[in-house]
Number of protein chains: 2
Amino acid sequence: MHNVRVPAQTWSIAELAAEYDVTLRTIRFYEDRGLLTPERRGTVRVYHPRDRVRLGLILRGKRLGFSLDEIATIVDMYDAEPGEEGQLVYLLDQITTRRADLEQRRRDIEETLRELNEVEARCRADLQALRDRQPSRGRQTAKAVGRRADS
Amino acid sequence: MHNVRVPAQTWSIAELAAEYDVTLRTIRFYEDRGLLTPERRGTVRVYHPRDRVRLGLILRGKRLGFSLDEIATIVDMYDAEPGEEGQLVYLLDQITTRRADLEQRRRDIEETLRELNEVEARCRADLQALRDRQPSRGRQTAKAVGRRADS
DNA sequence: CTCGTACTTGACGCTTACGTAAACGTAAAG
DNA sequence: CTTTACGTTTACGTAAGCGTCAAGTACGAG
């Protein structure tokens, strides 16, 4: 089985906080919400690789705009034990839901990016026109008409 | 110029709310935050196509997890008048920032989708194994080991 | 022993994005 | 006139996601 027995590194709360650029308060808050479950040595928290990975997932979830509750269900999917059939079916259902959600977001993002490109093009054109025409004073151009969102 | 003079439809607050499936409260709140500026006929709000488009943009922004403040800057970009050079340069800068943000989100989403696919595959495999082996009772399989996020 | 550093648990505060009444206006229908 | 539908403002409530003290514990260095 080639079991290499890597020392299984651990981290303090401050180390994790520094690495992921969050505050101690935040990490403790996530624990309070059941998203992290560090070991306790006496009163002190000791974070294992598992916790570290989960923190990464949590923060990615946050970047995606999920609520902590949603993140909880997602993260728990990642390291769920196989369990019984009902559990597995439920998990598959959750996956379907999440995927639909993410694909909607992706469509939104791509649409927004396309529109940003248009706005940028208009912007550059205006800038160019402005510089061609009047190197010092600005003036309203006729091309500016009809660009507002009132079509 | 082929100016067709379309009647320029308007909507009541309830109509917009129904169409976009939000509450009246929400729409009024967006107005309070300066995101919408409907016409007033007496005391009553009258929404024009421009407002309708903006509401759509706002809601898409929300789906993407932006705050209303962020959404405000985005939406205002869409129907900004050309203005002076400084304005244009600022706008281009904003566009760059937003684009970077959105592209980060897209990467996050794609990574998450890939991982969801993996989880799903494992899940289906477990389910299959469970059904092959024990059509009635569930049992823990050896393949279940080492899947948790503690690698 | 004292200091410094890192950690702990409360507990209160704050912002965002609305929900939820309460109380009132207006205009058409019965 | 009363009801009904639809709209209005004002204002307090709330859940999420932390920030920010305050006060105490634990431990190695000097």
Side-chain angles (χ1 to χ4, degrees), chain A residues 9-48 51-52 54-76 98 101 104-105 108, chain B residues 9-48 51-52 54-76 98 101 104-105 108:
Chain A
Q9 190 176 352
T10 64
W11 292 267
S12 75
I13 190 171
E15 285 167 345
L16 268 196
E19 178 174 354
Y20 285 99
D21 194 31
V22 294
T23 67
L24 310 189
R25 179 70 178 87
T26 299
I27 293 182
R28 294 195 192 106
F29 182 71
Y30 292 162
E31 179 178 349
D32 206 54
R33 303 299 302 275
L35 291 168
L36 297 175
T37 49
E39 186 199 339
R40 291 295 183 124
R41 266 175 214 163
T43 162
V44 160
R45 292 169 174 85
V46 175
Y47 295 86
H48 292 262
D51 303 302
R52 194 164 157 276
R54 288 181 67 109
L55 181 53
L57 292 173
I58 294 167
L59 296 177
R60 193 179 65 194
K62 285 218 55 189
R63 286 199 303 274
L64 292 176
F66 286 111
S67 76
L68 289 188
D69 278 4
E70 293 173 304
I71 291 174
T73 81
I74 297 174
V75 170
D76 285 339
R98 284 294 142 224
D101 190 317
Q104 171 64 46
R105 281 163 198 258
D108 284 336
Chain B
Q9 192 178 350
T10 64
W11 292 266
S12 75
I13 189 170
E15 286 167 345
L16 268 196
E19 178 173 353
Y20 285 100
D21 194 33
V22 294
T23 68
L24 311 189
R25 179 68 177 88
T26 299
I27 294 182
R28 294 194 192 106
F29 182 71
Y30 292 162
E31 178 178 350
D32 207 55
R33 302 300 301 275
L35 291 168
L36 296 174
T37 50
E39 186 198 339
R40 291 293 183 125
R41 266 173 212 165
T43 163
V44 159
R45 292 168 172 86
V46 175
Y47 294 86
H48 291 263
D51 302 302
R52 194 165 156 276
R54 287 181 67 108
L55 181 52
L57 293 174
I58 293 167
L59 296 177
R60 193 179 66 193
K62 284 218 58 189
R63 287 200 302 275
L64 293 176
F66 288 112
S67 76
L68 290 186
D69 277 4
E70 292 173 305
I71 291 173
T73 80
I74 297 174
V75 170
D76 285 340
R98 284 294 142 225
D101 191 319
Q104 171 63 48
R105 280 163 198 257
D108 283 335

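Naming: A, B, ... by sequence-line order, numbering from 1 per chain.
Scored by the side chain to side chain donor-acceptor pair (under 3.5 Å) test, A:E15 finds no partners at all (sequence neighbours excluded). For the side chain to side chain donor-acceptor pair (under 3.5 Å) test, residues two or more places apart in sequence or in another chain that qualify with B:R63 are A:D108. The side chain to side chain donor-acceptor pair (under 3.5 Å) search around B:R28 returns none, not counting sequence neighbours. B:T23 pairs by the side chain to side chain donor-acceptor pair (under 3.5 Å) definition with B:T26, not counting sequence neighbours.
In this structure, A:D21 atom CG and D:dC18 atom P are separated by 13 Å, rounded to whole Å. Summarising the geometry, the separation between CG on A:L24 and P on C:dG10 is reported as 17 Å, rounded to the nearest angstrom. One can place CD of A:E31 at 15 Å from P of D:dC18, the figure rounded to the nearest angstrom. Rounded to whole angstrom, the span from the CG atom of A:L36 across to the C1' atom of D:dG17 amounts to 15 Å. In this structure, CD1 of B:I27 is placed 15 Å from P of D:dC6, rounded to the nearest angstrom. Here the C1' atom of nucleotide D:dG7 and the CG atom of B:L16 are 14 Å apart, to the nearest Å. In this structure, A:I13 atom CD1 and D:dC18 atom C1' are separated by 14 Å, rounded to whole Å. The CG-P distance, from A:D32 to C:dT9, rounds to 9 Å in whole Å.
Between the OG1 atom of A:T37 and the OH atom of A:Y30 there is a distance of 15.5 Å, given to the nearest 0.5 Å.
Listed for the A:R105 side chain is a donor-acceptor partner under 3.5 Å among the backbone atoms of A:L64. Without hydrogens or angle criteria, B:R41 side chain to B:V44 main chain gives no donor-acceptor distance under 3.5 Å.
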Polar-atom pairs under 3.5 Å, protein N or O versus N or O of nucleotides 21-27 of chain D: list them with distances, or write none.
none

Taking only N/O atoms, report every protein-nucleotides 14-17 of chain C pair under 3.5 Å with atom names and distance.
from	atom 1	to	atom 2	distance (Å)
C:dA17	OP1	B:L68	N	2.8

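Taking every side-chain heavy atom of A:R28 into account, C:dT8 is the closest of D:dG7, C:dC7, C:dT8. Side-chain proximity of B:R40 to the nucleotides D:dT9, C:dT8, D:dC18 is greatest for D:dT9.
Side-chain N/O atoms of B:S12 include none lying less than 4.0 angstrom from OP1 or OP2 on D:dC6. Between A:R45 and C:dT9 there is a side-chain N or O to OP1 or OP2 distance below 4.0 Å.
Side-chain atoms of B:R52 and B:T10, non-hydrogen and from C-beta on, never get closer than 4.5 Å to each other. Put simply, the side chain of B:F66 reaches to within 4.5 Å of the side chain of B:D101, judged on heavy atoms.
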